[in-house]
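Here is the structure we will look at, set down as structure tokens.
FYI, side chains are in, hydrogens and waters are out, and symmetry mates aren't considered; it's all heavy atoms of this structure. Here the structure is a predicted model, which means the values were calculated and not measured.
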Amino acid sequence: MKYCRSENLPRYEVFQEFPGRWAVMDTMTSLPAATDGRDLVGLTKQDAEDIAKELNSSDAQGLDPLI
């Protein structure tokens, strides 16, 4: 699935991979977000939402959230 970034949308969005498993997608790259060499996929919905919220908060502050 292709993602297009809009100024009105958050950079990181939650995407359902398959029933019960979720990913955090980077709308700038159209790829799963990744940290420490691990793609943020195969998560519970709550974990994906929590991670996306933190990443978007850091991004809004001008910080690189994935370092």
Side-chain angles (χ1 to χ4, degrees):
M1 178 178 277
K2 178 91 173 158
Y3 291 85
C4 296
R5 179 160 163 84
S6 166
E7 293 302 317
N8 298 329
L9 294 176
R11 178 169 177 183
Y12 300 97
E13 293 186 339
V14 174
F15 171 75
Q16 187 172 16
E17 298 178 284
F18 50 88
R21 290 295 162 211
W22 298 77
V24 178
M25 302 299 292
D26 182 339
T27 61
M28 286 185 66
T29 64
S30 299
L31 297 170
T35 186
D36 292 329
R38 180 181 179 265
D39 289 345
L40 298 174
V41 298
L43 305 168
T44 65
K45 184 176 183 182
Q46 186 63 57
D47 285 347
E49 288 174 343
D50 291 347
I51 291 168
K53 180 179 176 181
E54 289 298 318
L55 293 175
N56 284 319
S57 176
S58 293
D59 187 55
Q61 293 174 39
L63 304 172
D64 186 348
L66 297 175
I67 291 181

By side-chain contact (heavy atoms from CB on, under 4.5 Å), Lys45 pairs with (sequence neighbours left out) Trp22, Glu49
Apply side-chain contact (heavy atoms from CB on, under 4.5 Å) to Glu54 and list each qualifying residue two or more places apart in sequence or on a separate chain.
->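 So Glu54 forms no side-chain contact (heavy atoms from CB on, under 4.5 Å) with any residue.
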Just one of Leu55, Thr27, Asn56 clears the side chain to side chain contact (heavy atoms under 4.5 Å, CB included) bar with Pro10, so which one?
-> Asn56
Residues two or more places apart in sequence or in another chain: which of them pass side chain to side chain donor-acceptor pair (under 3.5 Å) with Ser57?
-> Gln61
Taking side chain to side chain donor-acceptor pair (under 3.5 Å) as the test, write out the residues that go with Thr44, two or more places apart.
->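 Counting only residues at least two positions away or on another chain, Thr44 forms a side chain to side chain donor-acceptor pair (under 3.5 Å) with Asp47.
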Judged by atom type as modelled, is there a donor-acceptor pair below 3.5 Å linking the side chain of Asp26 to the main-chain atoms of Met28?
->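 Yes.
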CD/Gln16 to CG/Leu43 distance, rounded to the nearest 0.5 angstrom?
-> 12.5 Å
Where do Ala52 and Tyr12 come nearest, in terms of heavy atoms and distance?
->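 Smallest interatomic distance, heavy atoms only, reads CB-O, 4.1 Å.
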List the atom of Val41, the atom of Ala23, and the distance in Å for their closest heavy-atom pair.
->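 Of all heavy-atom pairs spanning Val41 and Ala23, the closest is CG1-CB, 3.8 Å.
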